[in-house]
Amino acid sequence: MKRKLTNVMAVGALLIGVLSTGCLKNNNDDVTPLAELTGNFKGSYYILKRKTNGTGFDTAKKIPVTLRLKADSGYTLRTDSVKVHANSNGNFAYDYSYIRFTDKTYSDTSKRSHLVGTYAYYYSGTKFQVARGSNPDTTRWIYDFNKTAN
């Protein structure tokens, strides 16, 4: 009888301990707010292709681009090198790691690059970099911008 009482008390104490840990402070509540991605940006678009012999990449293309991001009206990318990269516009959505562009002008038959799809990104408030690679890892598309205005 004494042993049963001890087991019941031990289980009860364990249950109280588990339930009370839910009252402890959770560090996930202190999440840094997501930086607002808006403004005008100017920079370069790079296409990097893996070298056929050896390691590393050759820069295949580098062209100037400008980008306007507005939360209410989407994005617009402009370039003078329309033979390599098309002017793009549409909607965008992002989280802490990825940004997704939905280009209204894109079609599967386009031979030019478009700012469309999901990319990893970095944003410091002034520097904005967007990149993704192919599968297999033979080509990388990189946009490297600096903020010029809000």
Any side-chain heavy-atom pair of [X] and [Y] under 4.5 Å:
| X | Y | value |
| --- | --- | --- |
| Asn87 | Thr79 | yes |
| Lys49 | Thr139 | yes |
| Ser88 | Val116 | no |
| Val84 | Ile47 | yes |

List the atom of Leu77, the atom of Phe145, and the distance in Å for their closest heavy-atom pair.
CD1-CZ, 4.1 Å

Over all atoms of both residues, closest heavy-atom pair of Lys104 and Asn91:
CE-ND2, 4.4 Å

Can a donor-acceptor pair be found between the side chains of Thr118 and Arg100 at a distance below 3.5 Å?
yes

Would you please say whether a donor-acceptor pair under 3.5 Å links the side chains of Thr138 and Arg50?
no

By the ring pair (Phe, Tyr, Trp, His ring centres under 6.0 Å) test, which pairs, at least two apart or in different chains, include something from residues 67-89?
Tyr45-His85, Tyr75-Phe101, His85-Tyr143

Output the distance between atom CG (Asp103) and atom CG (Leu115), rounded to the nearest 0.5 Å.
7.0 Å

Decide if atom [atom1] of [X] counts as having more than 12 heavy atoms of other residues, nucleotides or ligands within a radius under 6.0 Å.
| X | atom1 | value |
| --- | --- | --- |
| Asn146 | CG | yes |
| Asp108 | CG | no |
| Asp95 | CG | yes |

Linking I/L/V/M/F/W/Y whenever their side-chain heavy atoms sit closer than 4.5 Å, directly or via other members, would Tyr96 and Tyr98 fall into one cluster?
no

Parallel, tilted or perpendicular: ring planes of His114 versus Tyr106, cut at 30 and 60 degrees:
perpendicular

Salt bridge (Lys or Arg N to Asp or Glu O under 4.0 Å) contacts touching residues 113-129 (sequence neighbours left out)
Lys127-Asp144

